[in-house]
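Excluded from the calculations below are hydrogen atoms, water molecules and symmetry mates; all remaining heavy atoms, backbone and side chain alike, are included. All values reported here derive from a predicted model rather than from experimental measurement. In this chain, numbering begins with 1 at the start of the sequence shown. All ligand and atom numbering here is 1-based and tracks the order in the structure.
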Amino acid sequence: MIYDLVIIGSGPGGYVAAIRAGQLGMKTAIIEKYNTLGGTCLNVGCIPSKALLDSSEHYHQLNHTFAEHGISAQKVSLDMPQMIERKNQVVSQTCDGVKFLMKKNKVDVYYGHGSFLDATHVKVIAADKTETILTAGTVIIATGSKPVTPPAMGYDKNRVITSTETLNITSLPKHMVIIGAGVIGLELGSVFARLGTKVEVVEYLDRILPGMDTDAAKELMRSLKKLGITFHLSHEVISVKGSKTKAKVEMKPRAGGDAITLDTDYCLIAIGRRPYTEGLGLENTGVKLDEKGKIIVGEHLRTDEPNIYAIGDVIKGAMLAHKAEEEGIYVVETIAGQKPHIDYNLIPGVVYTWPEIASVGKTEETLKAEGVEFKVGKFPMKALGRSRASGDTEGFVKVIAQKDTDEILGVHMFAARAADLIMEGVALMEFRASAEDMARISHPHPTFSEAIKEAALDATEKRALHF
Ligand code: FAD
Ligand code: NAI
């Protein structure tokens, strides 16, 4: 079969690229080695983790905050198999949606492992071993990433697990150790802590969420401690050993001192993800990898092989679904002769704990390192009527603006519904608005979004109204 475009990998990078290619009239094929479309994000990432975050938050609220609202319930119980079943249904509905979108956009789907025979020929080996060879004008590699699992951590998919297996635990563990206080560790740690598991997090660095706003990370850590999570910061894991029903985690403080052993039901390894290019046949092409195994791309996300592009987790940059999507669209529009643009500084990041952390643009730490002069406005959520009404008083919004021009350089928040609120910061920064512009926009009352207006007022002239 001959195609204008062949895409390897059907995650948010690959499938969105396929839709855009279909819209632009390209004869397109997408190859996926699993038998469902959607990649990490839909099958074992964003969607299932958010389904469990929502379910566990309902359970936690019913047990801990509903009484304050005058609502009581007797015999509250947890049905983990049902919670997981609901999560599976959400996943399968979402994946089926992608299948429908491929059909709608006339994209041919090949289920099987894709590998390069040369730069313009890709072989697909299906589960039943049948082989198909596709001839491609252009190829996009969108093969994503896999969890990092060092040999010393004894990953066994049974008691020493990654996020993939964690999303399918159907019997509530009494105890869980999580290695890594990054996004996965804190999101899945929240799920289990809310359900009643004793969660302990081991982190190599002296803080959680490296790279994110320091104040937000500190407040989140305080909040998670209240939820019952224990943190071992600045600790190094020496070994993890799993048995049939338990795991043993050995660690030691980085500052020196005796080794500590934690006996646990499950150990979740959440120390980052690595690009996935295994068995892709890159050696048959001119595509090159960097020292971290990421595919090297240059201008327009083109690899060293002129007709091959790469997008998403398999290349440099944040490993985020919406980053992969933007890159998919960018490459397809570039191939079609258009002039698309991505501003990587304006790709927002969200941590779906409760409250949530959301962030766009530069942090104070980065601006200091870059020698940029800036001013900061901050507003606490507890000063908002809306927060008091709902009982979500934790957190703050921070707006950072250039000292002289007042241009917004960053917005960071730890707040209820921050994941959705951050879009105001993204949109205004896209249009290079000032903090004063943000402050002068009418925000509906009473909403959480008023905290953004107030933080912007604080940044502009230190004149927040309600604090
Ligand atoms: P992937 O989604 O990894 O898709 C790659 C696809 O390629 C896979 O389906 C794979 O099977 C296929 N493939 C690989 N090699 C081959 C081959 N040789 N032949 C055929 N097919 C192949 N990001 C967010 O933005 N928000 C979130 O809330 C969020 N939550 C997450 C929660 C968890 C638990 C995890 C693990 C990740 C989360 N992420 C989140 C990250 C997000 O899932 C990734 O950034 C995103 O999926 C990357 O998209 P991609 O298209 O580059 O690759
Ligand atoms: P991460 O990079 O977010 O965090 C890894 C953490 O582990 C860091 O704090 C790091 O210092 C620590 N660490 C590394 N090695 C360690 C060791 N040996 N011992 C102890 N700690 C160690 O990686 P994570 O959480 O695995 O997530 C992977 C990717 O998935 C992230 O890049 C993230 O962007 C994406 N993701 C995004 C989500 C979102 O957008 N809400 C949700 C979940 C994942």
Q | Contacting atoms of ligand 1, where contact means under 4.0 angstrom from a heavy atom of I8 | A | 17 (C), 19 (N), 20 (C)

(Q) Give the atom numbers and elements of ligand 2 that come within less than 4.0 Å of a heavy atom of I179. (A) 19 (N), 20 (C)

Q) Under 4.0 angstrom from ligand 2, any heavy atom of E236? A) no

Q) With a 4.0 Å cut-off on heavy atoms, is T166 touching ligand 1? A) no

(Q) Geometry only, no angles: is R273 polar-contacting ligand 2 at N/O separations under 3.5 Å? (A) no

Q) Any side-chain heavy atom of V199 within less than 4.5 Å of one from T230? A) no

Q. Hey, does G279 sit under 4.0 Å from ligand 1 if you only count heavy atoms?
A. no

Q | Row check, Y204 ring normal vs R254 NZ/CZ: under 6.0 Å, within 45° | A | yes

Q | Any K323 heavy atom less than 4.0 Å from ligand 1 | A | no

Q. For ligand 2, is there an N or O atom under 3.5 Å from any N or O atom of V183?
A. yes

(Q) I'd like the name of whichever of I357, L205, I238, L320 reaches closest to atom 40 (O) of ligand 2 through any heavy atom. (A) L320

Q: With atom 1 (P) of ligand 1 as the reference point, say which of I315, L280, T40, V314 has the nearest heavy atom.
A: T40

**Q.** Atoms in ligand 1 flagged as close to A324, the criterion being non-hydrogen separation under 4.0 Å
**A.** 49 (O), 52 (O)

Q: Give a yes/no on ligand 2: does A318 have at least one heavy atom closer than 4.0 angstrom to it?
A: no

**Q.** Nearest non-hydrogen protein atom, atom 16 (C) of ligand 2
**A.** I271 CG2, 3.5 Å

Q.
For ligand 2, which is the ligand I care about here, please tell me if E187 has any N or O atom under 3.5 Å from one of the ligand's N or O atoms.
A. yes

**Q.** Enumerated ligand 1 atoms positioned under 4.0 Å from heavy atoms of G39
**A.** 2 (O), 4 (O), 8 (C), 9 (O)

(Q) Please determine whether any non-hydrogen atom of S49 lies less than 4.0 Å from an atom of ligand 1. (A) yes

Q | Proximal candidate to atom 7 (O) of ligand 2 [heavy atom criterion; set G185, A321, G45, G180] | A | G180

Q) So is there a nitrogen or oxygen of V350 less than 3.5 Å from a nitrogen or oxygen in ligand 2? A) yes

Q.
Measuring from non-hydrogen atoms of K146 to any atom of ligand 1, is the shortest distance under 4.0 Å?
A. no

(Q) I'd like the name of whichever of I47, L53, V16, T143 reaches closest to atom 13 (N) of ligand 1 through any heavy atom. (A) T143

Q.
Is it the case that ligand 2 has an N or O less than 3.5 angstrom from some N or O of Y204?
A. yes

Q | D265/K174 ion pair, N-O < 4.0 Å | A | no

Q: For atom 35 (C) of ligand 1, state which one of G45, G317, S10 supplies the nearest heavy atom.
A: G45

Q) Considering only heavy atoms of Y352, which atoms of ligand 1 have at least one such atom less than 4.0 Å away? A) 28 (O)

Q: Look only at interatomic distance and state if M319 has a nitrogen or oxygen under 3.5 Å from any nitrogen or oxygen of ligand 2.
A: yes

Q: Going by heavy-atom distance to atom 51 (O) of ligand 1, choose the closest among G13, G9, S145, G114.
A: G13

Q. Which is closest to atom 26 (N) of ligand 1 in terms of heavy atoms, G112, C46, P48, G144?
A. C46

Q) Any idea which atoms of ligand 1 are less than 4.0 Å away from a heavy-atom of G312? A) 52 (O)

Q) Is any NZ, NE, NH1 or NH2 atom of the basic residue among R417 and E356 found under 4.0 Å from an Asp or Glu carboxylate oxygen of the other? A) no

Q: From the options G38, A321, G349, select the one whose nearest heavy atom is closest to atom 23 (N) of ligand 1.
A: A321

Q.
Out of all atoms in ligand 1, which are within 4.0 Å of some heavy atom of K50? Include the element for each.
A. 27 (C), 28 (O), 29 (C), 30 (N)

Q. Counting both backbone and side chain atoms, is some N or O of P210 under 3.5 Å from an N or O of ligand 2?
A. no

